[in-house]
Enquirer: 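A single structure is presented below for examination.
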Amino acid sequence: MVEWTDAERKAIASLWGKIDVGEIGPQALARLLIVYPWSQRYFKAFGDLSTNAAIMGNPKVAQHGKTVMGGLENAVKNLDNIKQTYAKLSVMHSEKLHVDPDNFRVLAECISLCVAAKFGPSVFTADVQEAWQKFLAVVVSALGRQYH
Amino acid sequence: MSLSAKDKETVKAFWAKVSGRAGDIGSDAVARMLTVYPQTKTYFSHWKDLSPGSAPVRKHGGIVVASITDAVNKIDDLAGSLLTLSELHAFTLRVDPANFKILAQNILVVLATMFPVDFTPEVHMALDKFLAALARALSEKYR
């Protein structure tokens, strides 16, 4: 089981409270598709992803970004049981969506960078970064856990 | 995934904008690396003080970022210009090359916090590629 310090719990809750999933989610997913263009393989049904501008303006990307980011709410609310909480989602990503789990790690990095840019160094301190990245690492691990 | 002409241009232009804060960038990146990835502290057991903002952290951050600035200026021949540094890391420091990626991630975080508007997806990608190329050049002499 993952051990969280009180400081980490506080940092995660506080940061989550500030995050607008409708803002950060679309930014993070757009960054994933731009910076790691091979990730576009999973989004053939999303329409025009041919240029960075197209990706940034694509409404399906925005909607999906919001959905994915919103999914973190479950993890924030179930910090002590993330593995179980994401078990079904993990199965789905493996059996139905066939997503290479390395993409979860890379999306998490994009999320962290968008959060860093949004909140700057006085909010996204080294300690907050530690807690937040640990949190995302646990989510990433849970999402890859049920692959077989 | 080698650097295109556009990547090099993007990196140079962005680095010119940010190099005024080079000291802070380096110091903050090293501080974050030590905090967020505590296993990296194993390389600095000889320091008296590993806390963010401490003298050794600031000094080391300065050294690292000066090397990056140098690499930006020699972006057309990273392997050649980093030969000596690679030998240092391979034979003397013996830093596990996996840590280059860790430091790179923290550099990106610092740049995102300090320059949110300039750190566009295009700049992000070019920097990501550049730091990876840097890491490769630094690992050149390892084996």
Side-chain angles (χ1 to χ4, degrees), chain A residues 3 5 7-8 11-12 15 23-24 26-40 49 51-58 61 65 102 105-137 140, chain B residues 1 3-4 6-7 10-11 14 18 21 23-41 50-54 57-58 61 98 101-132:
Chain A
E3 306 254 334
T5 65
E8 284 170 342
I12 292 162
L15 192 60
E23 182 188 16
I24 302 288
Q27 282 174 3
L29 188 61
R31 255 179 214 255
L32 176 75
L33 297 170
I34 290 170
V35 180
Y36 305 96
W38 51 92
S39 63
Q40 292 171 22
L49 300 176
T51 63
N52 291 355
I55 291 170
M56 309 254 295
N58 186 311
V61 170
D102 197 57
R105 181 188 60 80
V106 150
L107 177 58
E109 282 187 17
C110 288
I111 290 172
S112 292
L113 286 171
C114 289
V115 166
K118 172 75 186 176
F119 296 112
S122 53
V123 170
F124 200 66
T125 63
D127 289 325
V128 169
Q129 182 189 344
E130 188 272 331
W132 178 250
Q133 288 191 194
K134 178 175 167 179
F135 165 68
L136 287 181
V140 165
Chain B
M1 288 196 265
L3 296 166
S4 67
K6 182 155 183 276
D7 292 329
T10 305
V11 168
F14 179 79
V18 312
R21 297 197 61 188
D24 291 334
I25 293 168
S27 172
D28 197 12
V30 171
R32 283 176 188 268
M33 179 188 77
L34 297 169
T35 306
V36 181
Y37 300 88
Q39 70 271 22
T40 57
K41 293 194 284 192
L50 281 109
S51 57
S54 69
V57 169
R58 283 210 71 86
K101 201 168 198 305
I102 288 176
L103 180 55
Q105 194 258 332
N106 284 288
I107 290 169
L108 290 178
V109 166
V110 168
L111 293 173
T113 60
M114 287 187 187
F115 306 97
V117 173
D118 295 298
F119 191 69
T120 61
E122 290 78 8
V123 166
H124 173 175
M125 186 185 74
L127 281 171
D128 196 47
K129 285 175 77 174
F130 170 66
L131 291 171

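First the proteins, then the strands, lettered A, B, ... as listed; each starts at 1. It should be emphasised that the depicted structure is a prediction, and the values quoted were computed from it without experimental measurement.
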Enquirer: Taking the side chain as everything from C-beta on, heavy atoms only, tell me whether A/L49 gets closer than 4.5 Å to A/V61.
Expert: yes
Enquirer: Considering only heavy atoms and a distance below 4.5 Å, find which of B/D28, B/L108, B/V109 pairs most often with chain A.
Expert: B/V109
Enquirer: B/P116, B/A31, B/A112, B/A126: which one forms the most heavy-atom pairs within less than 4.5 Å of chain A?
Expert: B/A112
Enquirer: More than 12 foreign heavy atoms under 6.0 Å from CE of B/M125: is that the case here?
Expert: yes
Enquirer: For B/M33, is it the side chain, the backbone, both or neither that has a heavy atom under 4.5 Å from a heavy atom of chain A?
Expert: neither
Enquirer: Over 60° means perpendicular and under 30° means parallel, so classify the ring planes of B/F115 and B/F14, tilted if in between.
Expert: perpendicular
Enquirer: Would you mind checking which part of A/T125 comes under 4.5 Å of any heavy atom in chain B, side chain (CB onward), backbone (N, CA, C, O), both or neither?
Expert: backbone
Enquirer: Just to be sure I understand the criterion: a residue of residues 126-136 of chain A counts if one of its heavy atoms is under 4.5 Å from a heavy atom of chain B. Which ones qualify?
Expert: A/A126, A/D127, A/Q129, A/E130, A/Q133
Enquirer: Distance alone, cut at 3.5 Å: any donor-acceptor contact between the side chains of B/S4 and B/D7?
Expert: yes
Enquirer: Mind listing the closest non-hydrogen atom pair of B/L3 and B/F130 along with its distance?
Expert: CD2-N, 3.7 Å
Enquirer: I want to check something: taking the side chain as every heavy atom from C-beta on, are A/L107 and A/Y36 in contact at a cut-off of under 4.5 Å?
Expert: no
Enquirer: So which part of B/Y37 gets closer than 4.5 Å to some heavy atom of chain A, the side chain, the backbone, both or neither?
Expert: side chain
Enquirer: Would you say that B/T35 contacts B/P52 through its side chain, given a criterion of any heavy-atom pair below 4.5 Å between the two side chains?
Expert: yes
Enquirer: What part of A/F119 lies closer than 4.5 angstrom to a heavy atom of chain B: side chain, backbone, both or neither?
Expert: neither
Enquirer: Report yes or no: does A/T51 contribute a side-chain atom to a donor-acceptor pair with the main-chain N or O of A/A54 at less than 3.5 Å?
Expert: yes
Enquirer: For a 4.5 angstrom cut-off between non-hydrogen side-chain atoms, does B/V110 reach B/R32?
Expert: yes
